[in-house]
Amino acid sequence: MTDETMTDDAVAVELPLTEKLEAILLIIDEPHSLVSLAAAVGAPVPAVRQAIESLVDEYDGRGQGPRRGFELREVGGGWRLYVREDYDDLVADFVGGQAPARLSQAALETLAVIAYKQPVTRSQVASIRAVNVDSVVRTLLGRGLITELFQDSETGAINYGTTDALLQNLGINSLDELPPISPLLDDGSEGFDERIAR
Amino acid sequence: MTDETMTDDAVAVELPLTEKLEAILLIIDEPHSLVSLAAAVGAPVPAVRQAIESLVDEYDGRGQGPRRGFELREVGGGWRLYVREDYDDLVADFVGGQAPARLSQAALETLAVIAYKQPVTRSQVASIRAVNVDSVVRTLLGRGLITELFQDSETGAINYGTTDALLQNLGINSLDELPPISPLLDDGSEGFDERIAR
Amino acid sequence: MAPSPDESAPAPDAAELESVAEDASGFRVSLSNFDGPFDLLLNLISKHEMDITEVSLSKVTNEFIAYLRELGSDEDLDETSEFLVVAATLLDMKVAGLLPQGELVDAESVALLEARDLLFARLLQYRAFKEVSVWFARSLQYEDRRHARAVRLDEKHRARTPELVWTLSAADFGTLALLAFAPKEIPTVGLDHLHAPLVSIREQAAIVVTLLRSAESVTFREIVAGAVEPGVVVARFLSVLELYRHAALSFEQLEPLGELTLRWSAEHWTDEMLATLGADYDR
């Protein structure tokens, strides 16, 4: 070691990246991307990625120590600490409280249409479901599962898309993880959208 | 393993006490006493004490695994996870970067809704604003502009209200001095609540 | 699909009528379970365990129309009219199915085929989203049970956040509140213009009868000349079919797809017969 490593900066660098990340992970209340975490701990993204991976392994008991009661999950485009699944019931009993109201079948179907067809307007969703979807869209907006993306400059129609909160609520990391749906969809909808738009 | 350990109950018992404790510790806001933790995990207090001690050691790097960026500390007669002191500056920088000096328009509007409708629950605010307000409410709580008033005994929903800090910021002495907006309040919100409830 | 000639028809039909009658009482109550016309169609199709692309049209159409009648006038007009659009398409398809194959390949039948394909495409699409919504429900439900760390910031760390810059006066705050409470009406576009006016087969039949009786022979082309609404054309064609059933007219078509020439041939025709014409389509 040289004298240089004794300056404050150098000491900061000496602290293990994994520990720094754990400190940040302990205080965040939503998923943070590798880039955001890298900025927080002042380390390059590849190093952060590696450190995160080793934390995942350690918490899962694949490191030197025992398995932990929590785990590190990548959800909704970022990393966040979660209670390990085995203990969800235990924690639920402890926390109490009621589960949030389930979404209606209409809301689920509308959500699915928006997830796969985004950006999509309400009237486009309505044409696929063949019912008025206004109140359902409101509910989904209120739950933060969808958001207004932009307004069509010509028609003034608002285009909707899904949020990161939806990904979190689904427990997936990106829209790519949605299950594939029938390829028939594309054919059917194209002609249809044109007709219904009249 | 005997046949007995294969039943659901037996398997649940098999889960390590330390992991159970970690699951609880991950989600609590306030320090919890050994008695309270023991009740949460359904184990005798001495066993919980021992498990907590071994967690303290593990997090501090005196176990098999590496040291963690957080620690388990006893404060005011209860146990809770804290960021390890070495990382206080890191966290402070991160938090400072995350929290802008000004409230966003969304936060201000949510604050206005809470100010005029208090006591009010998060979901009520969300339906008035037609967007998810969870993170905004956390910001306002963090800024000390609103506070948790009480928990609804039936639904468990937390009711929020504004604080004296808001009154000071607005330069008024009491909520009565807020500019009246009642006519619109009644009309607008009533019909809307009904719609969103569907 | 099971052959539907006369000898095999009665038994299943009777059984079916029974089941429909049984359902009928329950249906009025559970109508809201069918979230839209596609939902109802899918339900009918699955009830008969038929492939969506090989639907026994008349069966499903009849039941769909029957359910449609139960909708009543107090239902949401927008939703009812969506049901009507689907019902109209189904009726078109049923009519096309009644015709000998290959007899009609003019603009109308092409339009009919398009409408049928469109309906199938929409149904398939709707079914795909309905199926995938099960995955959404399961995932949401599973994830609901998970617990993420979301703990309030320590006082110690909170104190390090930059001081809040506050610039609003109480009056500003009131204005802001007005803005926040203004109902966020999502602008809606009325659907009224999408719905074609209802066309009465009886009314159209009266026109057809008048035309037929006024001349020695009339071509179908002449009968629908000037009819702008597709529904009117369909209704006039249906009335021709019905009049043929009543032996009130004869027709001549020299070559497939050729001109359809109609002659009035009724021996005992009274205008009262118009009143019952097309009654099948009421059921």
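Every chain is numbered from 1 and lettered A, B, ... according to where its sequence line falls, protein lines coming before strand lines.
- Your options are A:Leu26, A:Val83, A:Asp86, and the one with the most heavy-atom pairs under 4.5 Å with chain B is A:Leu26.
- Of the atoms belonging to A:Leu55, it is side-chain heavy atoms, and not backbone ones, that fall under 4.5 Å from chain B.
- At a 4.5 Å heavy-atom cutoff, A:Glu71 makes no contact with chain B through either its backbone or its side chain.
- In terms of heavy-atom pairs under 4.5 Å with chain A, the best-connected choice from B:Leu81, B:Ile24, B:Val91 is B:Ile24.
- The choice from A:Thr18, A:Leu21, A:Ile27, A:Asp29 that makes the most heavy-atom pairs within less than 4.5 Å of chain B is A:Asp29.
- At a 4.5 Å heavy-atom cutoff, B:Ser123 makes no contact with chain A through either its backbone or its side chain.
- A donor-acceptor pair under 3.5 Å is absent between the side-chain atoms of B:Arg84 and the main chain of A:Ala23, judged by distance alone.
- Taking CD1 from A:Ile114 and CD1 from A:Ile146, the interatomic distance works out to 4.0 Å, rounded to the nearest 0.5 Å.
- Taking OG1 of A:Thr162 as the reference point, atom OH of A:Tyr116 lies at 11.0 Å (rounded to 0.5 Å).
- Considering B:Thr147, B:Thr110, B:Leu141 in turn, B:Leu141 is the only one that fulfils the side chain to side chain contact (heavy atoms under 4.5 Å, CB included) rule with B:Tyr160.
- Checking side-chain atoms of A:Asn173 against main-chain N and O of A:Gly77 turns up a donor-acceptor pair under 3.5 Å.
- In this structure, the side chain of A:Gln124 engages the main chain of A:Thr121 through a donor-acceptor pair within 3.5 Å.
- Using a 4.5 Å cut-off between heavy atoms, B:Leu25 does not touch chain A at all.
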